[in-house]
Amino acid sequence: MTFAMTADTTYDTAAIDAKWQDAWDRAGLFRAARGDAPKYYVLEMFPYPSGRIHIGHVRNYAMGDVIARYKMARGFNVLHPMGWDAFGMPAENAAMASGGHPKDWTYQNIDVMRGQMKPLGLSIDWSREFATCDPEYYGQQQALFLDMLEAGLVYRKQATVNWDPVDMTVLANEQVENGRGWRSGAEVERRELTQWFFRISDMAEDLLDGLGDLKDWPEKVRLMQENWIGRSRGLQMTFPLSRPAHGHDGIEVYTTRPDTLRGASFVAIAPEHPLARALAEADPDLAQFAVDVRRGGTTEEALEKAEKRGYDTGLTVQNPLGGALPVWVANFVLMDYGTGAIFGCPAHDQRDLDFARKYGLPVIDTFVATDDDSRVAETAFVPPKSEPVRWIDQPAGLDVATGQEAIEATIDWAEAQGIGTGRTQYRLRDWGLSRQRYWGCPIPVVHCPDCGVVPERKENLPVRLPDDVTFDVPGNPLDRHPTWRDTACPSCGAAARRETDTMDTFVDSSWYYARFTAPHADTPTVMADADYWMNVDQYIGGVEHAILHLLYSRFFARAMKVTGHLPDKAREPFNALFTQGMVTHAIYMTRDGRGRAVYHLPEDTVAKPDGLRVLRDGTEVEVIPSAKMSKSKKNVVDPQDIIAAYGADTARWFVLSDSPPERDVEWTAAGADAAHKHLRRVHRLAGDIARADRPANAADADLARATARATLEVTEGIEGFAFNKSVAKLYEFAATLGRSDAGGDARRAAMRVLAQLMAPMTPHLAEEVWQMMGGEGFVVRAPWPEADPALLVEDSVTLPIQINGKRKSEISVPRDMDAAGVEALVLQDAAVLRALNGGAPRKLIVVPGRIVNVVA
RNA sequence: GCGGGCGUGGUGGAACGGUAGACACAUCAGACUUAAAAUCUGAAGGGCCUUGCCCGUGCGGGUUCGAGUCCCGCCGCCCGUACCA
């Protein structure tokens, strides 16, 4: 295949970008199909169609594109798809704010964002694109839901939501600000609703064990998931009530610290505990207490930070070790965790200690430090469980033992005594998927007065969202849409009502990676395609998804195996995970007369030579560097502007340079300008090399060595996800090539390799240069260059000489000189002689090929 | 509150426990130019008694021949915290 040469010698990015994007498109280079070659599946977390892409998206997709194009050059059959995580609240918020329809808003945003992404020249197979709000997608999700319902992976139970008593609506956590509804300003209450749940907690152990296989996931993400799942070993035991009350003979408690039973000074139950509810019926003060502590949001953070409050029920229970304990209702005990009841041991839990001090309960030490037997006063004594401590009157008869040993011994002791049972408990709760909202996947069930909850028939899927809805009234429009809501029972045909809750948008994103393997199939997946393409070989996205999205996806992969939609090998769907940092940008701010912040667009400010930044009228501007991009702070960088000014390759090159991919990178106009200068330099250099010829000479060998070195280091950078280092090497290599006196053939050969090494990052320029150098076909299809090992070996090495650990000198020695030879040379070094002052070194450390340290 | 991460020149960053500051931005100097821009070349962590020496990787300790890197204790910022996506 041949392409028209771009006539001009100037670096015309618009022409070059369009030319090659068109050529790739016509050649169908990125359309993925099953084949004989080994496959490689690259996936970036798909975007929410918020309106416009920002430079952070560019960074995310540029990274994925580097991997995709590199793997293509390595001969893999690459799948690199793109879609839209299109359901969610912002669309409804926009509808409420401006009266449009969430569907129109969403699809318009998708069109705009696709239009912004295509000019980046990403190697995406656009024929596989879908949005999760497409009925073709969410209909298959409903089919999946029905299969999971049948497999017993879905059920209904009561759960707590944020309730706005003025707007009469359920609020998302982000709609609760300081315990108040964002619109009404009313104090938020917690309310119980019957909701749908996935049985993810049944798979807690498997999800935990599976983490061990995820070798190519960041350690920190595995650790966060491990802590989130939270396996603990503890004791379940019953404290008998001194007098039975409301049909309760005792209170069942789960504790991870049974070893501290001797130190128990109270038992606390959740306000939602059945006994608390029963007591509240006859005790208005307790009922009021329960209402009071239910104020405020439902987030774990809000619950934890809330003031610890209790209500004395007047009941007592018997401690099996002797003595009676008062029973309190406490706001910090959660009904969802364990049994909804705890015993408090103030000496060894700060929260219990605060509670005990507040309500005058005893503090009983059960162990002290081995070297310090002072008793607990203001601060609970909570040493690590691995640290030995001295026990006081320990039930299992221990003296000095670690917490861990004491827990295990006490569980054994309690089981032998018949006091309780050892139990493994998980922090992970079942996944509540019900949302009282319109813009989500309808839950495909019908509520029939006679048959109860009835699944919709698969042939009736998708259960489509009705289009004729309005958002001028608070609450879920599906709930007040009679012709949609009212339907016939799929089982008996009687008048019935549809489920009006829709699914959590995390459901949509929990299986999209599988759908990409057969995006237009009339079943959720096609086994042959899933079997060929799964797993995702490299998944890339933000660390903010480290827990929920990634855990839910792992659960879904297992559930889809159970329901026959994925092969067993896909139970861990993402072989490798990379979490990239954000793109930040400085905020320019002044203050108005009342001291409030006023934000300014970067282009409205000017940098003065002295470094100060001012407005056009001279007002000094406060610069806040490295801030997360936000429309309201006016520091968002729009890739479209960058592409228009500099071309796609500059935008891609810049976001890959400077910062390591896992860290945040700060966008600076100067940085973008420098990136563009470099690419222009490479383009000009290619032109020079193509035009000028020089005879072969002695410099050819040096250039060949530099080429081999660059090939090695750029490749290592890409393989190790250190694109910034690859970029640095490419800067260096381009400078070396520019300065080289080598002959024409040698320079052309080096330039061809440079084009290949640049290709994953700046593909348009790379194709152009490749063509100028007379390369065959597309550079993206050219096999990745290999560094000749013979050219990587240096004859001599420079060894730094340290004296007492500080670098003072250096020597150059043959590469293979032995330690004795090096020592002899070192002892003649001027700096060493001066330091030793005629004496002998106390010690001489030679690390071959690396360093010498003289201890004087 | 809890869990996780990060912290290196004026700036972004580099550095298998082994020469701290590669590469780049900004800065300064020089070349080219009538001039400017563009381009090219070079300098540069801070300090001093400048053949050389001292201090330097958020703060305070420790391990080591040697610590940005490992350990302990702090400080600051970022992410998550189950209905934001």
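Just so you know, these numbers use all the heavy atoms, side chains as well, and skip hydrogens, waters and symmetry mates. All chains are named by letter (A, B, ...) in the order of the sequence lines, taking the proteins before the strands, and each is independently numbered beginning at 1. Being a predicted model, the structure only gives us computed values, none of them experimental.
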- [ ] Please work out if A:Arg681 contacts a base, only the sugar-phosphate, or nothing of the nucleic acid, heavy-atom cut-off 4.0 Å.
- [x] sugar-phosphate

Open item on the list: Can you work out whether A:Glu174 or A:Arg850 has the more 5'-proximal nearest nucleotide on RNA chain B?
Closed with: A:Arg850

- [ ] Give A:Gln436 one of three labels, base, sugar-phosphate or nothing, depending on what nucleic acid heavy atoms sit under 4.0 Å from its own.
- [x] base

Task: Most 5' of A:Val161 and A:Arg680 on RNA chain B, judged by nearest nucleotide - done: A:Arg680

Open item on the list: Counting the atoms with a prime plus P, OP1 and OP2 as sugar-phosphate, which does A:Glu732 contact under 4.0 Å by heavy atoms, base, sugar-phosphate, or nothing?
Closed with: sugar-phosphate

Task: Partner nucleotide, any strand, of B:C74 [Watson-Crick/G-U, under 3.5 Å] - done: B:G58

- [ ] Could you tell me whether A:Ala674 contacts a base, only the sugar-phosphate backbone, or nothing, with contacts defined as non-hydrogen atoms closer than 4.0 Å?
- [x] sugar-phosphate

Task: Under-4.0 Å side-chain N/O to phosphate OP1/OP2 contact, A:Thr505 with B:A85 - done: yes

- [ ] Select base, sugar-phosphate, or nothing to describe what A:Glu92 touches, counting heavy atoms under 4.0 Å on all strands.
- [x] nothing

Open item on the list: Mind checking if A:Lys729 touches a base, just sugar-phosphate, or nothing, with heavy atoms under 4.0 Å?
Closed with: nothing

TODO: Can you label the angle between the A:Trp653 ring and the A:His678 ring as parallel, tilted or perpendicular, going by 30° and 60°?
DONE: parallel

Open item on the list: Using 0.5 Å steps for rounding, measure from the CD atom of A:Glu719 to the OG atom of A:Ser726.
Closed with: 10.0 Å

Open item on the list: Against the six-membered ring of A:Phe197, is A:Lys157 placed for a cation-pi contact (under 6.0 Å from the centre, within 45° of the normal)?
Closed with: yes

TODO: Could you please name the partner base of B:A67, counting Watson-Crick and G-U wobble pairs only when both distances are under 3.5 Å?
DONE: none

Open item on the list: If the cut-off is 4.0 Å, is A:Lys808 near the phosphate of B:C54, judged by side-chain N/O to OP1 or OP2?
Closed with: yes

TODO: Determine the contact category for A:Lys308: base if any of its heavy atoms lies under 4.0 Å from a base atom, sugar-phosphate if only primed atoms, P, OP1 or OP2 are that close, otherwise nothing.
DONE: nothing

Open item on the list: Partner lookup for B:A24, please. Criteria are Watson-Crick or G-U wobble with both distances under 3.5 angstrom; report none if nothing qualifies.
Closed with: B:U11

Open item on the list: Does B:G66 have OP1 or OP2 under 4.0 Å away from a side-chain N or O of A:Arg807?
Closed with: no

TODO: Answer whether the closest heavy-atom distance between the side chains of A:Asp349 and A:Arg257 falls below 4.5 Å.
DONE: no

TODO: Check every strand shown and say whether A:Ser509 touches a base, only sugar-phosphate, or nothing at a heavy-atom separation below 4.0 Å.
DONE: nothing

Open item on the list: Please confirm whether the shortest side-chain N or O distance from A:Asn804 to OP1 or OP2 of B:C65 is below 4.0 Å.
Closed with: no

- [ ] Give A:Ile547 one of three labels, base, sugar-phosphate or nothing, depending on what nucleic acid heavy atoms sit under 4.0 Å from its own.
- [x] sugar-phosphate

- [ ] Would you mind classifying the nucleic acid contact of A:Val170 as base, sugar-phosphate or nothing, using non-hydrogen atoms under 4.0 angstrom?
- [x] base

Open item on the list: So, OP1 or OP2 of B:U39: does either fall under 4.0 Å of a side-chain N or O from A:Arg684?
Closed with: no

TODO: Pick base, sugar-phosphate or nothing for A:Asn227, based on heavy-atom distances below 4.0 Å to the nucleic acid.
DONE: sugar-phosphate

Open item on the list: For the aromatic rings, using the six-membered ring if either is Trp, is the centroid distance between A:Phe87 and A:Tyr138 under 6.0 Å?
Closed with: yes

Task: Closest nucleotide among B:C79, B:C83, B:A82 to the A:Asn162 side chain - done: B:C83

TODO: Would you classify A:Arg222 as touching base, sugar-phosphate or nothing, given that sugar-phosphate means primed atoms plus P, OP1 and OP2, and contacts are heavy atoms under 4.0 Å?
DONE: nothing

TODO: Could you tell me whether A:Gly432 contacts a base, only the sugar-phosphate backbone, or nothing, with contacts defined as non-hydrogen atoms closer than 4.0 Å?
DONE: sugar-phosphate

TODO: Please round to the nearest 0.5 Å and tell me the distance separating atom CZ of A:Phe198 and atom OH of A:Tyr552.
DONE: 10.0 Å

TODO: Tell me which nucleotide among B:C65, B:G4, B:U19 gets nearest to the side chain of A:Lys220.
DONE: B:G4

Open item on the list: Please classify the nucleic acid contact of A:Ser657 as base, sugar-phosphate, or nothing, using heavy-atom distances under 4.0 Å.
Closed with: nothing

Task: Side chain of A:His545 (C-beta onward), nearest among B:C83, B:G4, B:A85 - done: B:A85

